[in-house]
Structure formats: structure tokens, C-alpha cells
Student: 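What follows is a single structure, and I will ask about it in a moment.
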Amino acid sequence: MVSKRWTAAVLSGLLITSALSGCGGDDGDSGSGGGDGKLVLGFSQVGAESGWRTANTKSIQESAASAGVELKFSDAQGKQENQIKAIRNFITQRVDVIAFSPVVESGWDTVLKEAKDANIPVILTDRAVDSQDTSLYKTFIGSDFVLEGKKAGEWLVKDYTGKTDPVNIVELQGTPGAAPANDRKAGFADVIKADPKFKVVASQTGQFTRTDGKQVMETFLKAQPKIDVLYAHNDDMGLGAIEAIEAAGKKPGTDIKIITVDAVKDGMTALSEGKINYIVECSPLLGPQLMDLAKKVKAGETVPQRVLTEETTFTPEQAKAVLAERKY
Ligand code: GYE
């Protein structure tokens with residue numbers, strides 16, 4: 001029963017023992033399954049760049065355990081090449097389902113085609129790919145990032161209603177090429193363009209991290225004579241920027257208004273303290289729905305092509321009200 005593919009994989013040292021135990025030959029088509037009949041899910045995570053990501057990883061690991069799913073978790077440390085490698089390993093191991101959160105949007109067609117040819121269904125989690133051929137994956141679960149950017153822009157438009165002076169905005173973008181960076185930028189730009197008083201005077205990546213958010217904000221503060229608003233594509237970059245703003249002797253939330261996306265606990269705390277003015281929520285708790293979808297695709301059930309997460313927005317008052325129960 002050992003095919004050439006298996007032999008080659010064993011020889012190249014790619015297989016891990018637990019995958020071998022599932023080689024019962026009962027469902028060679030759709031993956032090996034766990035030796036104990038458990039669904040085997042290979043998941044390639046982006047990395048650990050933000051509080052959002054940490055909460056997302058926890059949600060996936062905990063939900064796998066409670067759903068009785070055997071999770072093969074791989075951390076790509078922010079590199080697409082590592083994700084491609086991980087996906088190829090999952091194919092070699094013949095997991096039942098592959099899920100991943102793509103670091104960037106482009107460049108996935110080849111490896112997704114390999115998964116399809118091996119008859120292993122793929123679920124996009126959190127972030128989209130730009131592949132034209134949507135048959136390369138079964139479903140995509142995650143947020144509408146364009147809408148998030150729009151919500152950020154709408155708050156700003158409302159906040160400056162009736163004012164005519166120019167509003168200078170600096171923007172901290174997420175990882176270059178990542179869906180949430182592309183879309184949050186586009187959604188925001190689309191809303192504020194209606195009023196020429198809004199000017200994005202500087203826009204750079206802060207890699208979704210606190211460290212880079214702080215550092216890039218320092219350069220913005222040095223280069224820009226007047227900054228009215230910071231729009232950061234996630235809380236972590238906003239939190240890093242707050243440190244830079246305070247170090248420059250300015251008051252975050254007052255001298256510079258701050259809008260971020262995510263609503264993780266640290267962000268919500270800063271919001272409740274008035275250091276951030278508005279947060280657009282993006283839920284990292286995708287685990288339970290992912291397990292559910294994985295079971296359905298494995299069983300050959302039809303699932304919707306797109307599963308949207310439900311999200312809200314928070315003002316400082318709303319943050320204060322929910323902070324104590326905030327889980328992540
Ligand atoms: O907003 C950011 C994280 O893909 C939605 O990635 C996710 C984003 C999230 O690093 O904090």
C-alpha cells in the first residue's frame with residue numbers, strides 16, 4: 001500500500017510519524033484521517049506578529065482540541081516561503097484538510113493546485129488570496145477588511161463634520177501585500193476621498209508590529225510639521241505609535257487622534273483611557289467555525305464560498321463597558 005509518493009516522502013524525511021499511523025487505505029482520496037478516526041487538519045499560521053494573531057492561534061488550538069480534531073500547527077514566522085513549505089508537507093502527510101492564513105495575497109496558485117491535485121480540500125482562514133481560480137479552495141472564513149477600512153474612514157468624516165481646516169493624516173499600514181493591509185487602506189481611502197480636507201500626508205508599513213509602529217511613528221513625527229490623525233491598520237502598531245507620540249511630548253488621543261483596527265485587550269485598554277479614539281473590531285476567534293467547516297468539507301458537504309465574521313466598532317465609552325469581559 002505504500003505508494004511512490006509515500007516512499008519519496010519518507011526518504012526525504014518529510015513525514016512525521018503520526019501521519020503514518022493514518023495510512024489505513026480506507027480513504028486514499030480525501031486524506032488519511034487520524035489513526036483513531038480523528039480528522040487531521042494542517043494549519044499554517046502567519047506568525048506571532050500581534051495580539052490579534054496570538055488570540056487567533058489560541059482560538060484555533062483550543063477549538064481543535066474541543067472538536068476532537070488532530071491539529072498539525074505550523075508557524076511561518078511571517079514568510080510566504082515557509083507557508084508554501086508547510087502546505088507541501090501537509091500534502092505529503094496526506095492530512096484531511098489544509099487551512100492557512102496567507103501572509104500575502106499573491107503567489108499561491110501553484111501550491112494550491114498541488115493540494116487540489118492531491119484531493120486535499122483547502123480552507124482560507126482570516127486572509128484571502130488573489131487567485132482567479134476559486135476552485136483552488138473550498139471556502140474563505142474571515143472579516144471584510146475593506147468594510148473595516150470604511151468604518152474607520154466614516155468615523156473620521158463624522159468626527160470632523162462642519163470643520164473646514166485641512167486634516168493631516170498619517171497611516172501605518174500592515175504587512176505589504178497582505179489582504180488586511182491592502183483592503184484597510186483601500187476602504188479608508190475610498191471614504192475620505194469625498195472631502196478634500198482629508199490628506200494622507202504619510203503612509204508606510206509598520207508590519208503589524210508594535211516595534212515597527214513605534215519606529216515609523218517616530219519618523220513621521222520628525223518629518224511632518226502637523227499631524228492631526230493617525231490611522232493604524234491594527235492595534236499593535238497604534239500602541240507602538242502611542243509610545244512614540246508620548247516620547248515626543250504629545251498627548252495621544254488629544255493632540256493626535258488615533259483610529260485602529262482589531263480591538264484586542266491592550267487596544268481596548270488604551271481606548272478606554274482615551275489614548276485611542278476609535279477601534280474597528282476584527283475578530284480573531286475563528287477557531288470554532290473553522291473546525292466546523294473542516295468537518296463539513298471532509299464529509300464532502302457543500303459549504304458557502306465565503307463565511308463572514310461578525311464585527312462591531314468601539315468608542316472609549318463602549319470600550320470601558322466591555323473591557324472586563326474582553327477575553328483576548
Ligand atoms: O488585524 C493584525 C494581524 O489578518 C486580520 O493580522 C489579521 C491581521 C490583524 O497581524 O493584527
Side-chain angles (χ1 to χ4, degrees), residues 46-59 78 126 143 145 148-149 151-153 155-156 159 169-176 178 180-181 184-185 188 200 202-222 224 227-285 311-328:
V46 171
E49 73 282 3
S50 63
W52 190 100
R53 190 63 54 197
T54 307
N56 179 245
T57 293
K58 198 168 166 239
S59 168
D126 157 38
S143 311
F145 301 133
E148 290 171 351
K151 287 180 186 171
W155 178 82
L156 195 63
D159 197 57
I169 304 162
V170 295
E171 180 178 30
L172 283 169
Q173 299 176 35
T175 312
R184 286 173 187 167
K185 185 177 198 313
F188 182 77
V200 178
S203 180
Q204 264 184 50
T205 181
Q207 301 288 356
F208 278 132
T209 68
R210 256 182 226 217
T211 321
D212 287 49
K214 181 177 178 192
Q215 199 205 311
V216 176
M217 190 67 203
E218 278 165 7
T219 63
F220 284 166
L221 287 161
K222 279 184 198 138
Q224 299 298 328
I227 300 174
D228 301 299
V229 175
L230 162 67
Y231 169 44
H233 291 184
N234 79 345
D235 289 348
D236 282 79
M237 292 190 293
L239 291 162
I242 287 175
E243 291 176 34
I245 294 168
E246 285 174 339
K250 291 190 198 296
K251 231 179 145 197
T254 310
D255 297 332
I256 297 177
K257 291 192 179 170
I258 303 178
I259 312 165
T260 64
V261 185
D262 275 356
V264 294
K265 201 151 191 171
D266 287 353
M268 293 287 273
T269 306
L271 179 64
S272 71
E273 290 164 350
K275 293 184 178 186
I276 294 178
N277 304 76
Y278 194 63
I279 301 186
V280 178
E281 186 184 40
C282 177
S283 175
L285 307 179
E311 284 142 356
T312 183
T313 56
F314 295 100
T315 61
E317 293 68 36
Q318 290 164 333
K320 271 183 215 155
V322 299
L323 196 57
E325 304 106 66
R326 200 78 183 159
K327 295 235 162 37
Y328 55 90

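In this chain, residues are counted from 1 in sequence order.
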Student: Restricting to side-chain hydrogen bond (donor to acceptor under 3.5 Å, both in side chains), what partner residues turn up for Asn277, sequence neighbours left out?
Tutor: none
Student: Measure the spacing between CG of Leu271 and CD of Glu317 and express it to the nearest 0.5 Å.
Tutor: 8.5 Å
Student: Under the ring-ring contact (aromatic ring centres under 6.0 Å, His included) test, which residues partner Phe208, sequence neighbours left out?
Tutor: none
Student: So how far is it from Asp159 CG to Ile259 CD1, rounded to the nearest 0.5 Å?
Tutor: 8.0 Å
Student: Once you round to the nearest 0.5 Å, how far does CG of Leu156 lie from CG of Asp228?
Tutor: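 Between atom CG of Leu156 and atom CG of Asp228 there are 9.5 Å.
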Student: In the structure I gave you, are the side-chain heavy atoms of Ile258 and Ile245 within less than 4.5 Å of one another anywhere?
Tutor: yes
Student: Could you list the residues that satisfy side-chain hydrogen bond (donor to acceptor under 3.5 Å, both in side chains) with Asp235, not counting sequence neighbours?
Tutor: Thr260
Student: Mind checking whether Arg184 and Cys282 have side chains closer than 4.5 Å, heavy atoms only?
Tutor: yes
Student: Which pairs of donor and acceptor atoms, one on a side chain in residues 169-176, lie under 3.5 Å apart (sequence neighbours left out)?
Tutor:
unit_1, atom_1, unit_2, atom_2, d
Glu171, OE1, Ser203, OG, 2.7
Glu171, OE2, His233, NE2, 2.8
Gln173, NE2, Ser203, OG, 2.7

Student: Just to verify, what does Lys214 make a side-chain contact (heavy atoms from CB on, under 4.5 Å) with, not counting sequence neighbours?
Tutor: Glu218, Glu243, Ala244
Student: Could I get the full list of salt bridge (Lys or Arg N to Asp or Glu O under 4.0 Å) partners for Lys58, not counting sequence neighbours?
Tutor: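 Listed in chain order: Glu62.
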Student: Hey, what do you get for CD (Gln215) to CD (Gln207), rounding to the nearest 0.5 Å?
Tutor: 10.5 Å
Student: Kindly say whether Lys265 contributes a backbone atom to a donor-acceptor pair with the side chain of Thr269 at under 3.5 angstrom?
Tutor: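 Present.
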Student: Is there side-chain contact between Asp126 and Trp52, with heavy atoms separated by less than 4.5 Å?
Tutor: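 When only atoms from C-beta onward are counted, Trp52 and Asp126 do touch, with a gap below 4.5 Å.
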Student: Show your working on side chain to side chain contact (heavy atoms under 4.5 Å, CB included) between Lys185 and Val200 and close with a plain yes or no.
Tutor: CA-CA 11 Å; Lys185 185 177 198 313; Val200 178; over 6 Å; no
Student: Heavy-atom distance under 4.5 Å between the side chains of Ile256 and Met217, does that happen here?
Tutor: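 Side chain of Ile256 against side chain of Met217, heavy atoms only: contact under 4.5 Å found.
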Student: Name all pairs fulfilling the salt bridge (Lys or Arg N to Asp or Glu O under 4.0 Å) condition that reach into residues 246-255, sequence neighbours left out, sorted by first residue then second.
Tutor: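 Matches after skipping sequence neighbours: Glu246-Lys275.
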Student: Given Asp236 and Arg53, is the salt bridge (Lys or Arg N to Asp or Glu O under 4.0 Å) satisfied, shown in steps?
Tutor: CA-CA 11 Å; Asp236 282 79; Arg53 190 63 54 197; over 6 Å; no
Student: How would you list, by chain and number, every residue that makes a side-chain hydrogen bond (donor to acceptor under 3.5 Å, both in side chains) with Thr57, sequence neighbours excluded?
Tutor: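 Here the qualifying residues are Gln45.
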Student: In a check of ring pair (Phe, Tyr, Trp, His ring centres under 6.0 Å) between Tyr278 and each of Trp155, Tyr231, Phe314, which one passes?
Tutor: Trp155
Student: Taking atom CG of Leu230 and atom CG of Leu221, what is their separation to the nearest 0.5 Å?
Tutor: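 Reported to 0.5 Å precision, the distance equals 9.0 Å.
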Student: Which residues pass the side-chain hydrogen bond (donor to acceptor under 3.5 Å, both in side chains) test with Thr209, sequence neighbours left out?
Tutor: Asp212
Student: Got a second to check how far Asn234's CG is from Ile279's CD1, nearest 0.5 Å?
Tutor: 10.5 Å
Student: Look only at the side chain of Ser143 and the backbone of Phe145, and say whether a donor-acceptor pair between them is shorter than 3.5 Å.
Tutor: no
Student: Return a table of donor-acceptor pairs under 3.5 angstrom between the side chains of residues 320-328 and protein atoms on other chains or two or more places apart.
Tutor:
unit_1, atom_1, unit_2, atom_2, d
Arg326, NE, Ala263, O, 3.0
Arg326, NH1, Glu281, OE2, 3.4
Arg326, NH2, Ala263, O, 2.9
Arg326, NH2, Glu281, OE2, 2.9
Arg326, NH2, Tyr328, OH, 2.8

